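Working notes, structure below.
Fair warning: this is a prediction, and the values are worked out from it, not measured in the lab. Numbers restart at 1 for each chain; the letters A, B, ... are given by sequence-line order, proteins then strands.
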2 protein chains.
Amino acid sequence: MKTVAAHAGVSAQTVSRVLRGTGYVSEATRARVLASVAAVGYRPNAVGRSLRATRTPMVGLLITDITNPFYATLHKSTEAVFRERGLTLMLLNSDDDPATERTQLDLVSSYRPSGLLVAPAVHSTLTTEDLAGFGAAVLVSRTLPGLAVPSVVTNEPEAMGEATRALLDAGHRRIVAVLGPRDASTTLRRESGYRDAVRAAGAEPIVRYTDQTGPGARAAIRRALQADPGLTAAVGFNAPVTEGILRGLRDEGLECPRDVSVVGFTDAPWMSFYPPPITVVGQPVAAMGELAARLLLDVLDGKPVTPGLHVVPSVLLRRESVAPPRPRPHDEKRTPCTS
Amino acid sequence: MKTVAAHAGVSAQTVSRVLRGTGYVSEATRARVLASVAAVGYRPNAVGRSLRATRTPMVGLLITDITNPFYATLHKSTEAVFRERGLTLMLLNSDDDPATERTQLDLVSSYRPSGLLVAPAVHSTLTTEDLAGFGAAVLVSRTLPGLAVPSVVTNEPEAMGEATRALLDAGHRRIVAVLGPRDASTTLRRESGYRDAVRAAGAEPIVRYTDQTGPGARAAIRRALQADPGLTAAVGFNAPVTEGILRGLRDEGLECPRDVSVVGFTDAPWMSFYPPPITVVGQPVAAMGELAARLLLDVLDGKPVTPGLHVVPSVLLRRESVAPPRPRPHDEKRTPCTS
DNA sequence: CTGAAAGCGCTTACAG
DNA sequence: CTGAAAGCGCTTACAG
């Protein structure tokens with residue numbers, strides 16, 4: 001900046017004013033400075049700016065795993081909102097591990113960001129004080145009990161209830177819920193919706209917890225099927241789990257929906273063209289990201305933001321993976337329809 | 001840091017030395033400083049450090065779209081390498097748009113990062129000089145003609161040739177290649193492998209360019225099928241395109257592999273349990289990311305790095321979407337096998 | 001409308 | 001083994 005100032009024959013402050021478009025600058029000097037900027041090949045240094053401002057125009061996005069499409073979409077949708085406000089988004093993976101989460105939090109905090117968006121790890125140790133240091137913090141997708149921070153979630157209990165009722169209405173009574181980690185807030189919320197719906201229909205809840213991955217769910221559904229020959233339907237916790245369920249069914253020589261009906265939670269592109277197309281709770285991921293980003297901006301702008309749950313509704317996408325139940329064959333294995 | 005120094009009764013430089021673990025510090029003062037750090041609740045400020053060092057311990061990763069699983073995996077694998085070297089990874093989306101790419105590059109450059117990893121946008125305007133400003137730059141997945149920068153790619157021509165030969169060997173002669181944007185380096189490289197293989201078998205290349213999305217590919221394969229009733233096979237450019245091809249086939253009442261055989265490029269989880277499981281070129285995405293990250297570190301360490309292509313081999317995963325050709329029915333539409 | 005001074009939080013030489 | 005000084009590149013008051 002000093003070089004530009006010297007070249008234009010003005011002071012560094014004037015260059016700063018021109019560059020920031022702030023305060024009064026005569027049209028003549030403005031033009032001269034701009035010409036010098038180009039001539040000298042000046043590139044602004046965000047580090048100097050941030051140090052002086054004691055805040056970096058950056059928001060941290062701390063998630064568990066970017067290869068989960070849910071979080072990739074979250075990144076994309078929040079980045080769009082922040083970008084038009086001149087805020088950079090800094091992505092950090094916690095690997096769903098509380099220790100890594102803590103390390104990553106310290107890292108992003110060392111850059112003195114303007115705010116933080118978090119989907120906490122399963123046994124997260126984050127406290128209100130941890131987040132208070134960020135000025136503005138918003139939780140997204142997963143909540144943390146006892147945190148006085150705005151949280152954007154979907155109406156998981158209601159959506160999971162509706163998904164379960166789709167199976168109950170088709171006549172199913174023995175429906176297994178293949179869930180995520182026992183203590184995740186998402187598991188708790190989805191499980192309650194499932195349990196309430198099943199009980200309201202006078203049936204018995206059947207629950208399996210998993211690590212919310214495809215392989216974990218595949219093993220879990222196989223064990224459930226072997227343990228209970230009366231099972232005629234399954235609800236999946238997320239997209240990988242739904243995939244695992246379908247693989248597990250095939251392992252057991254069972255067909256969907258002829259032998260076992262399936263409803264998933266969280267849509268994926270393949271679900272709409274898989275045979276059969278999968279009935280699934282479609283989460284408004286992009287809308288959740290946008291809302292979370294806007295709440296964060298509101299906090300930065302000093303607008304009042306409720307520290308509780310902010311709910312974005314999901315919709316049940318009815319496709320073809322639900323059929324009336326029929327007794328499962330116990331002794332003979334079937335092979336899938338090969339085309 | 002001044003507060004810590006005052007609390008410990010030492011100078012700020014001593015605190016700095018303790019914190020960086022550099023230079024001589026007596027065990028006694030070390031302990032005293034560490035105690036003060038905890039007592040005062042000191043949090044390091046990366047901005048001050050970066051400003052003084054004129055470099056930020058950060059690497060930019062500029063890709064086109066994080067919701068493409070290829071790039072999500074790339075982020076994860078490179079981050080792991082950089083994290084253990086104390087480097088933060090800063091993710092930036094270009095939306096595959098040269099203007100946005102330029103903006104994002106200026107942004108990351110303003111943080112004075114230690115290096116840059118780029119998968120250039122399709123009509124990228126990046127020059128060697130642009131990248132030289134980053135100290136260390138490595139291209140990944142996509143190359144740019146005339147750039148004197150190391151580039152990590154897979155053996156696309158050979159892999160695409162092998163994929164095409166899988167169809168030729170099954171007896172196919174009219175094979176359409178549904179490719180990406182006409183000018184992308186990935187398109188050029190995959191197209192050449194396809195053309196060479198087809199020509200070597202004495203057949204005629206049939207090529208369709210798309211925007212490399214599912215909907216684009218779906219429309220393209222339908223037009224190709226309608227234009228050429230003799231078509232019995234298709235190769236897809238990437239995972240979304242392969243999905244689009246399968247949807248397009250279904251639109252046309254055709255079945256894979258009975259009516260049309262399909263081979264894809266880039267694996268996706270659903271491809272191994274879709275009926276039929278899809279034969280596909282599996283790209284070693286994580287290995288590509290790791291190699292790119294290590295090359296970048298080598299450049300930073302002053303080790304000699306060849307500025308040309310660094311090739312990581314792909315493998316053809318033979319599954320069940322390839323069958324011998326049979327004449328396509330022209331007058332009657334078929335419905336897929338519904339189970 | 002423009003400039004001189006100070007300082008954001010660190011680390012790099014340089015002394016002792 | 002430890003400290004005083006200077007400065008990384010910017011912006012914030014404060015003068016004029």
Of B:Gly9 and B:Arg112, the one whose closest nucleotide on DNA chain D sits nearer the 5' end is B:Gly9

Is there a donor-acceptor pair closer than 3.5 Å between any side-chain N or O of B:Ser185 and the backbone N or O of B:Thr143?
yes

Show me the pairs that pass side-chain hydrogen bond (donor to acceptor under 3.5 Å, both in side chains) and involve residues 50-60 of chain B, at least two apart or across chains.
B:Ser50-B:Thr56

Test: side-chain hydrogen bond (donor to acceptor under 3.5 Å, both in side chains). Region: residues 1-11 of chain B. Which pairs qualify, not counting sequence neighbours?
B:His7-B:Ser36, B:Ser11-B:Thr14

By side chain to side chain donor-acceptor pair (under 3.5 Å), which residues pair with B:Thr187, not counting sequence neighbours?
none

Could you tell me which non-hydrogen atom of B:Val25 sits nearest to which non-hydrogen atom of B:Arg30, and how far apart they are?
CG1-N, 3.9 Å

Going 5' to 3' along DNA chain C, which are the first and last nucleotides with any atom under 4.0 Å from a heavy atom of chain A?
C:dC1 to C:dG9

Closest non-hydrogen atoms of A:Val47 and B:Leu51, given as atom of the first, atom of the second and distance, are CG1-N, 3.4 Å

Nucleic acid contacts of residues 26-34 of chain A, taken as heavy-atom distances under 4.0 Å to DNA chain D
none

Not counting sequence neighbours, list each pair that qualifies as a side-chain hydrogen bond (donor to acceptor under 3.5 Å, both in side chains) and has a residue in residues 60-71 of chain A.
A:Asp65-A:Thr67, A:Asp65-B:Lys76

Is there a residue in residues 38-52 of chain B whose heavy atoms reach under 4.0 Å of DNA chain C, and which residues are they?
B:Tyr42, B:Arg43, B:Pro44, B:Asn45, B:Gly48, B:Arg49, B:Leu51, B:Arg52

Once salt bridge (Lys or Arg N to Asp or Glu O under 4.0 Å) is applied, do any residues pair with B:Asp97, and if so which ones, sequence neighbours excluded?
none

Dot-bracket, 5' to 3', for DNA chain C please: Watson-Crick or G-U pairs under 3.5 Å, [ ] where pairs cross earlier ones, | where the partner sits on another strand, dots elsewhere.
|||.||||||||.|||

Going by side chain to side chain donor-acceptor pair (under 3.5 Å), name the residues that satisfy it together with A:Arg102, two or more places apart in sequence or in a different chain.
A:Thr125, A:Asp130

Residues two or more places apart in sequence or in another chain: which of them pass side chain to side chain donor-acceptor pair (under 3.5 Å) with A:Arg49?
none

side-chain hydrogen bond (donor to acceptor under 3.5 Å, both in side chains) partners of residues 286-309 of chain B, not counting sequence neighbours, each pair once:
B:Arg85-B:Asp301

For A:Thr266 and A:Asn238 the tightest heavy-atom approach is OG1-CA, 4.3 Å

